Amino acid sequence: MRQARGNMSVTKEQELTPKQARSKETQRKILEATLALLEDRHFEAMTIVDIASLAGMAVGNFYKRFKNKEALLPHLYAEYNQRFQVFAESMQVETAGEPWLQIVKGTVDFFSANKGLIRALHLHSRLNPALVPDGSTKARGGLYLALEPLITRPGLDAEACNRRARIAALAMVSAITEAIVYQDMTPAETLGLELGMLVEELTELLKAYSQ
């Protein structure tokens with residue numbers, strides 16, 4: 001919050017001129033339309049016409065804010081990073097009962113809810129690693145922090161716990177990515193596990209690794 005004259009506080013949104021506010025709202029609509037389209041199609045398959053149509057605007061309005069479709073990607077990375085950070089922080093809350101089960105299930109739920117966005121960025125980062133914005137995976141550290149307390153093998157120092165938490169996170173995220181993001185492809189297709197069974201088996205695997 002910024003302090004204005006007369007001790008009245010105003011937000012950055014309130015400080016915007018009408019023209020700036022409209023531009024920001026247009027950009028928001030474009031990003032929301034893109035995220036909605038990603039739910040049932042690949043980023044490469046959607047067109048600017050598709051995005052503008054769903055956003056309820058002319059194609060020209062898109063080009064006033066973005067040079068091309070690829071210019072949306074930094075905004076999509078930022079959106080994913082923000083969502084993942086919220087998710088990872090929620091996983092750090094101390095849980096009773098079966099913490100491994102809750103973390104695996106929570107990760108499955110997060111990937112299921114963000115499947116299209118994750119698929120778009122996963123493919124882009126593999127094909128264009130040099131174009132991935134700096135800090136786009138920073139939020140992953142929050143997941144490591146959630147897993148470290150569950151590494152209970154006697155004699156492990158802090159460095160070893162951190163390393164094993166990272167390996168556990170890699171195994172969990174990789175398995176869930178294959179099972180949800182690429183569920184119609186090998187190896188997920190040949191695995192033939194329903195998500196409930198995947199959660200149970202992956203939980204047992206990670207629990208065995210951590211002890």
Side-chain angles (χ1 to χ4, degrees), residues 35 38-40 42-43 76-129 132-211:
L35 290 167
L38 284 173
E39 292 182 7
D40 58 14
H42 290 275
F43 182 77
L76 295 180
Y77 275 106
E79 178 69 22
Y80 171 76
N81 201 43
Q82 181 179 18
R83 292 184 185 186
F84 193 93
Q85 182 175 349
V86 172
F87 153 71
E89 289 175 353
S90 73
M91 292 294 100
Q92 294 175 38
V93 177
E94 185 176 350
T95 56
E98 293 284 346
W100 272 115
L101 177 62
Q102 293 184 44
I103 286 178
V104 172
K105 186 179 184 304
T107 307
V108 166
D109 291 343
F110 175 79
F111 273 65
S112 297
N114 297 279
K115 175 182 175 180
L117 176 59
I118 293 171
R119 179 181 59 206
L121 299 183
H122 187 262
L123 291 173
H124 178 260
S125 65
R126 294 302 185 272
L127 296 173
N128 306 280
V132 177
D134 292 339
S136 62
T137 60
K138 182 179 180 181
R140 184 68 60 86
L143 188 56
Y144 303 150
L145 291 177
L147 298 183
E148 279 187 33
L150 305 183
I151 306 297
T152 59
R153 182 170 295 183
L156 292 181
D157 58 20
E159 182 180 353
C161 283
N162 180 269
R163 181 177 65 251
R164 294 181 75 85
R166 289 173 179 271
I167 293 174
L170 175 63
M172 179 176 67
V173 170
S174 296
I176 292 173
T177 298
E178 292 293 338
I180 294 177
V181 178
Y182 304 111
Q183 60 184 354
D184 298 325
M185 302 172 62
T186 300
E189 187 178 31
T190 56
L191 183 62
L193 284 182
E194 295 182 352
L195 286 184
M197 184 61 69
L198 173 69
V199 169
E200 292 181 15
E201 296 297 331
L202 191 53
T203 296
E204 291 303 313
L205 179 69
L206 293 170
K207 284 172 64 176
Y209 175 73
S210 68
Q211 297 173 355

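Small disclaimer: the values here were computed from a predicted structure and weren't measured.
The list of salt bridge (charged side-chain N to carboxylate O under 4.0 Å, His left out) pairs with a residue in residues 160-179, not counting sequence neighbours, is empty. Sorted by first and then second residue, the ring pair (Phe, Tyr, Trp, His ring centres under 6.0 Å) pairs involving residues 167-211 (not counting sequence neighbours) are His122-Tyr182. The salt bridge (charged side-chain N to carboxylate O under 4.0 Å, His left out) analysis of residues 118-128, with sequence neighbours excluded, yields no pairs.
No more than 12 heavy-atom neighbours from other residues, nucleotides or ligands sit within 6.0 angstrom of CG on Asp134. Counting non-hydrogen atoms of neighbouring residues, nucleotides and ligands closer than 6.0 angstrom, the CD atom of Glu159 reaches no more than 12 such neighbours.
If you take CG on Asn114 and CG on Leu38, they are separated by 10.5 Å, rounding to the nearest 0.5 Å. A distance of 12.0 Å separates CG in Leu117 from CZ in Phe84, rounded to the nearest 0.5 Å. Met172 CE to Phe111 CZ: the interatomic distance, rounded to the nearest 0.5 Å, is 8.0 Å. Distance check, rounded to the nearest 0.5 Å: CG of Leu147 to CG of Asn162 gives 10.5 Å. Distance CG/Leu170 to OG1/Thr177: 9.5 Å, rounded to 0.5 Å.
Looking at every heavy atom in both residues, Gly142 comes nearest to Ala88 through C-CB, 3.7 Å. The minimum heavy-atom distance between Ile103 and Met91, with the atom names listed, is CA-SD, 3.7 Å. Residues Gly135 and Asn81 share a closest heavy-atom pair of O-ND2, 3.5 Å. Residue Ala169 comes nearest to Leu143 through the heavy atom pair CB-CD2, 4.2 Å, listed as atom of the first residue, atom of the second, then distance.
Between Tyr80 and Phe110, the angle of the ring planes lies from 30° to 60°, which puts this pair in the tilted group.
Side-chain contact between Leu121 and Phe43 is absent, with no heavy atoms from C-beta onward closer than 4.5 Å. Considering only heavy atoms from C-beta on, Ile180 stays 4.5 Å or farther from Leu198 through its side chain. Taking the side chain as every heavy atom from C-beta outward, Leu35 and Leu76 approach each other to under 4.5 Å. Using a 4.5 Å heavy-atom cutoff, the side chains of Tyr77 and His124 are in contact.
Checked by atom type and distance alone, the side chain of Gln92 never pairs as donor or acceptor with a backbone atom of Leu145 at under 3.5 Å. Not one N or O on the side chain of Arg153 forms a donor-acceptor pair closer than 3.5 Å with the backbone of Ser210. In this structure, Thr190 contributes its side chain and Thr186 its backbone to no donor-acceptor pair below 3.5 Å.
Partners of Lys115 under the salt bridge (Lys or Arg N to Asp or Glu O under 4.0 Å) rule, at least two apart in sequence or in another chain, do not exist in this structure. The salt bridge (Lys or Arg N to Asp or Glu O under 4.0 Å) search around Glu148 returns none, not counting sequence neighbours.
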Give the intermediate values and the outcome of side chain to side chain contact (heavy atoms under 4.5 Å, CB included) for residues Val86 and Ser90. CA-CA 6 Å; Val86 172; Ser90 73; 5.8 Å; no
Using atom types as modelled, flag every donor-acceptor pair under 3.5 Å from a side chain in residues 201-208 to any protein atom, sequence neighbours excluded.
residue : atom : partner : partner atom : Å
Thr203  : OG1  : Val199  : O            : 2.6
Lys207  : NZ   : Glu98   : OE1          : 3.3

